[in-house]
Chemist: 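Mind having a look at this structure? Questions to follow.
As the structure is a prediction and not an experimental result, all values here were calculated from the model. In each ligand, atom 1 is the first atom listed, and ligand 1 is the first ligand listed.
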Amino acid sequence: MEQQASFSRREFLAKTSCFGSYYALASLIPLPALAAELSVDSRISQTPLVDKGFASVRQVGNGLYATISDPSKGYVTVCNGGFLVGKDAALLIEGYTTATGASFQMDALRMVSQVPVKSALDTHYHFDHSMGNSFYGASGIPLMAHATAAKRIVDSYSPLQGADKEAVVGPLEKRIKDAKSDAERAHLQTDLNAVTGLFQIANSSILGLPNRPLDPAKFPMSIDLGGLTAVLESLPGHSGTDVIVKVPAQNVIYAGDLLFSGWYPVCFDEKATISGWRETLKKFAAFDKDTLFVPGHGQLCGQECIATLREVFDDIAGQAEKMFKAGVPVDEAQHRYAVPDRFKNFPVYAWGFTIGPAITKLYAEWQHK
Ligand SMILES: [Zn+2]
């Protein structure tokens with residue numbers, strides 16, 4: 001039987017039906033403590049600069065800060081990000097789920113430096129990284145993102161604004177009613193929670209679009225902040241719009257959602273590619289052994305979480321391949337994956353956003369071979 005984080009399905013459903021939707025979903029995703037090996041890493045400050053529950057900001061290098069969200073304590077930020085502070089300028093990473101979240105990070109920057117903000121960056125277009133973008137617009141801060149991110153924000157989220165909730169969630173509710181198995185029904189219920197949350201967030205946000213599109217042909221791109229150089233690079237995997245921020249001199253990487261630390265990866269995007277993502281993780285694994293990663297979700301980590309995420313993909317692909325070879329139809333296969341014991345505490349944000357599409361995409365890759 002599948003597990004949702006460390007909760008049984010019955011507990012999960014009981015909780016979600018009490019509170020309905022995203023807030024219950026988020027409450028199942030507590031942030032683990034910093035790993036023991038990182039608590040002795042001299043780059044990382046053991047005391048956060050600021051901790052608001054929903055997120056804390058911690059120094060992770062010389063002029064480098066990570067904003068780490070704890071979704072179980074509120075949905076102001078939801079994703080992770082951070083900021084880089086040079087002698088001349090600063091770079092802010094992520095637009096977060098709400099303008100309040102982006103503003104919180106700006107306030108944290110101002111606790112340590114008054115340098116002008118050169119720009120903010122959305123690592124990709126997804127709502128939890130971009131619905132707070134309007135803060136940057138209101139603050140006169142330029143906002144960079146992959147060249148296709150602005151269009152994808154408009155295409156994905158403007159149809160939800162002012163929409164009738166039933167029109168958005170109705171088709172999913174019908175699929176839950178028509179589910180062919182208990183597993184499928186439980187999985188669809190997690191999707192309903194996620195879509196309801198997305199609907200609520202997109203509806204309560206004023207969309208802000210990146211106004212500094214980054215031409216994919218121009219990566220890697222260096223940004224000089226004064227004694228601190230960041231390198232932006234675009235890599236395939238999660239959304240087709242993913243940009244990472246590397247600080248090569250300090251072996252620190254802001255990986256966006258190309259890295260889920262201790263989570264099942266979110267693979268639903270039409271531009272997500274499983275083989276591409278696994279290649280990207282192979283690249284990450286080849287970075288220096290002391291590389292510190294700021295993941296898009298989950299706790300700060302070193303190379304061990306790259307190895308773990310690669311194992312998660314290997315496990316999904318291994319189980320899917322057996323079913324593919326045995327002729328199990330894809331619609332059935334995507335609900336048959338069994339979470340192994342070693343990953344049973346990994347949050348599954350929603351089945352149809354993580355494991356389900358990973359399997360359907362793998363099937364598609366194999367069918368086209
Ligand atoms: Zn994402």
Chemist: Can you tell me if, anywhere in His238, an N/O/S atom lies at a distance from the Zn ion (ligand 1) that is smaller than 2.8 Å?
Modeler: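 His238 does place an N, O or S atom closer than 2.8 Å to the Zn ion (ligand 1).
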Chemist: Could you go step by step and tell me if Glu173 and Leu192 meet the side-chain contact (heavy atoms from CB on, under 4.5 Å) rule?
Modeler: CA-CA 7 Å; Glu173 285 171 338; Leu192 179 62; 4.0 Å; yes
Chemist: Is His126 close enough that one of its N/O/S atoms sits under 2.8 Å from the Zn ion (ligand 1)?
Modeler: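 His126 does place an N, O or S atom closer than 2.8 Å to the Zn ion (ligand 1).
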Chemist: Please determine, by modelled atom types, if Asp269 and His238 share a side-chain donor-acceptor pair under 3.5 angstrom.
Modeler: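 Asp269 vs His238: no donor-acceptor pair found between side chains.
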Chemist: For His297, which of Phe346, Phe260, Tyr349 qualifies under ring-ring contact (aromatic ring centres under 6.0 Å, His included)?
Modeler: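 Result: among Phe346, Phe260, Tyr349, Phe260 is the only option passing the ring-ring contact (aromatic ring centres under 6.0 Å, His included) with His297.
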Chemist: So, His146 and His124: side-chain donor and acceptor under 3.5 Å apart, yes or no?
Modeler: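 Their side chains do not contain a donor-acceptor pair, so the 3.5 Å distance test is not met.
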Chemist: Under 2.8 Å from the Zn ion (ligand 1), is there any N, O or S atom belonging to Asp257?
Modeler: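 Short answer: yes, at least one N, O or S atom is under the cut-off.
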